[in-house]
Number of protein chains: 2
Amino acid sequence: MAVYLEVAEALESDIRNHFDSGQFLPSEMELAERFSINRHTLRRAVDELVNAGLLLRQHGKGTMVVDNKIEYSLRSKGRFTESLEDIGLQASCEVISIREISADIKLAKRMWVEVGTPITHIETVRCIEQAPVCLISHYLVSHLLPGIAQTFKEGSLHQWIEMQYQKKIRRDQSLIGASLPTRAEALQLKCSRSLPLIIVRSNNRLKESNEIIEYSVSRSRSDVFEMKINPEE
Amino acid sequence: MAVYLEVAEALESDIRNHFDSGQFLPSEMELAERFSINRHTLRRAVDELVNAGLLLRQHGKGTMVVDNKIEYSLRSKGRFTESLEDIGLQASCEVISIREISADIKLAKRMWVEVGTPITHIETVRCIEQAPVCLISHYLVSHLLPGIAQTFKEGSLHQWIEMQYQKKIRRDQSLIGASLPTRAEALQLKCSRSLPLIIVRSNNRLKESNEIIEYSVSRSRSDVFEMKINPEE
DNA sequence: GAGTGGTCTAGACCACAGG
DNA sequence: CTGTGGTCTAGACCACTCG
């Protein structure tokens with residue numbers, strides 16, 4: 001068996017036993033010395049664990065452990081099955097950012113509004129036991145929700161809207177896809193870049209007027225979530 | 001930009017232009033000389049294309065081109081949006097295998113049948129313009145569909161069942177997830193192991209008796225498909 | 001045996017993060 | 001500035017395939 005594979009295995013059990021998620025490994029130099037191998041060989045071993053999703057390299061900073069015991073406890077529960085009615089609607093632990101933007105041509109098309117329409121862009125993250133599991137981008141038609149950028153702080157955005165604005169929201173069609181996370185997404189979700197995300201894009205309308213009020217894109221860890229569809233016939 | 005990335009790009013267009021699927025590349029030594037770089041750097045470049053699914057290394061033999069031009073024509077059309085009613089139900093070009101098995105504990109649980117119940121397991125592949133894009137595993141309750149293993153050859157399995165057995169089928173709940181392909185799946189779908197698949201698991205029942213007649217698992221290329229959900233309210 | 005890819009070592013320098 | 005990971009080069013030897 002190749003040296004780098006043996007080192008990878010040894011390293012993995014070291015990490016499982018002595019490291020928590022978010023911690024940084026010793027430097028490549030130090031690890032190479034510890035295993036009495038060349039740095040290149042050590043790197044090859046680390047490559048294995050990076051590909052497996054256990055480690056995340058950060059240029060100039062170090063190599064972080066990203067697979068953690070929390071994740072195990074999540075996994076042991078099995079994957080969440082999330083009713084589609086809730087996706088993008090339910091309690092989001094935390095707001096990451098709120099920005100006022102105006103619709104570019106792509107967004108305008110998706111939301112059926114004019115190019116340049118003022119949009120409130122809210123990024124949220126949903127956590128389970130402190131572990132981020134889902135990122136959601138909400139694009140809201142600003143003039144239908146005056147002041148929301150100032151007032152909304154946390155929790156369920158849709159509940160907030162229904163409470164504060166006395167508006168009922170209706171879920172429109174959704175599209176479900178999958179892709180690998182960007183570097184930024186992997187960092188935010190504290191996961192490997194080789195863990196697929198489930199992407200759900202959906203439009204939401206006002207129940208009365210049928211106007212589109214929101215377009216949202218959610219990106220959920222596929223090791224945690226599974227989307228449930230109930231045909232209503 | 002790193003040398004190995006530039007070489008990877010140059011190599012890729014070389015391959016697209018001058019190589020067919022199944023052909024072997026010149027040796028690493030020769031390629032390294034041709035690009036005036038070290039063999040290690042050349043290998044790093046080839047790594048990229050191997051990961052991308054364009055090349056396949058074979059120890060002692062050489063490096064083979066495994067990509068197909070079809071993939072491009074698919075991509076250029078954009079992704080299919082597939083109505084959920086169709087997933088796992090619609091025409092499957094080709095049957096890969098048909099086997100009679102008996103339900104193990106896992107399958108029995110999913111299908112709500114007794115352990116040991118005879119099941120007909122049909123593997124099919126859906127193609128678009130000769131390119132495989134979706135693998136489907138059908139698990140059918142054998143005694144409800146006598147002789148299906150002998151008679152079904154190709155096309156839509158569900159149409160076949162409705163025609164031959166005069167039974168109406170009703171889609172039950174579905175679960176949608178995502179994961180990376182196994183080695184075997186990547187080979188069958190002629191795609192890279194880093195292209196996520198969309199996994200849809202669903203049960204189908206007889207419309208009249210409400211008995212479960214089928215459990216199916218489909219695995220679709222996420223660069224080709226996107227699943228559409230219409231809320232029916 | 002000749003030729004291919006696979007691994008390991010060694011040393012150098014670059015690019016990025018953070019004090 | 002220091003320390004980290006990222007890249008490139010160079011040379012050696014091993015393991016596999018095939019004639």
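Every chain is numbered from 1, with letters handed out A, B, ... down the list of sequences. Owing to the predicted nature of the structure, the values given are computational and were not obtained by experimental measurement.
Leu144(A) and Ile212(A) make their closest contact through CD1-O, 3.8 Å (heavy atoms, listed as atom of the first residue, atom of the second, distance).
Across the protein-nucleic acid pair, Leu56(A) atom CG and dT4(D) atom P stand 17 Å apart, rounded to whole Å. Between Phe24(B) atom CZ and dG3(C) atom P there is a gap of 17 Å when expressed in whole angstrom units.
A donor-acceptor contact under 3.5 angstrom links the side chains of Arg219(B) and Ser137(B), judged on distance only.
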Can you give one letter per nucleotide of nucleotides 5-11 of chain C, 5' to 3': B if a protein heavy atom sits under 4.0 Å from the base, S if only from the sugar-phosphate, - if neither?
-> BBBBBBB
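Using the six-membered ring where Trp is involved, His158(A) and His138(A) have ring planes that are tilted, between 30° and 60° apart.
Salt bridge Arg57(B)/Asp47(B): present, at least one basic N to carboxylate O contact under 4.0 Å. Salt bridge Asp223(A)/Arg221(A): present, at least one basic N to carboxylate O contact under 4.0 Å.
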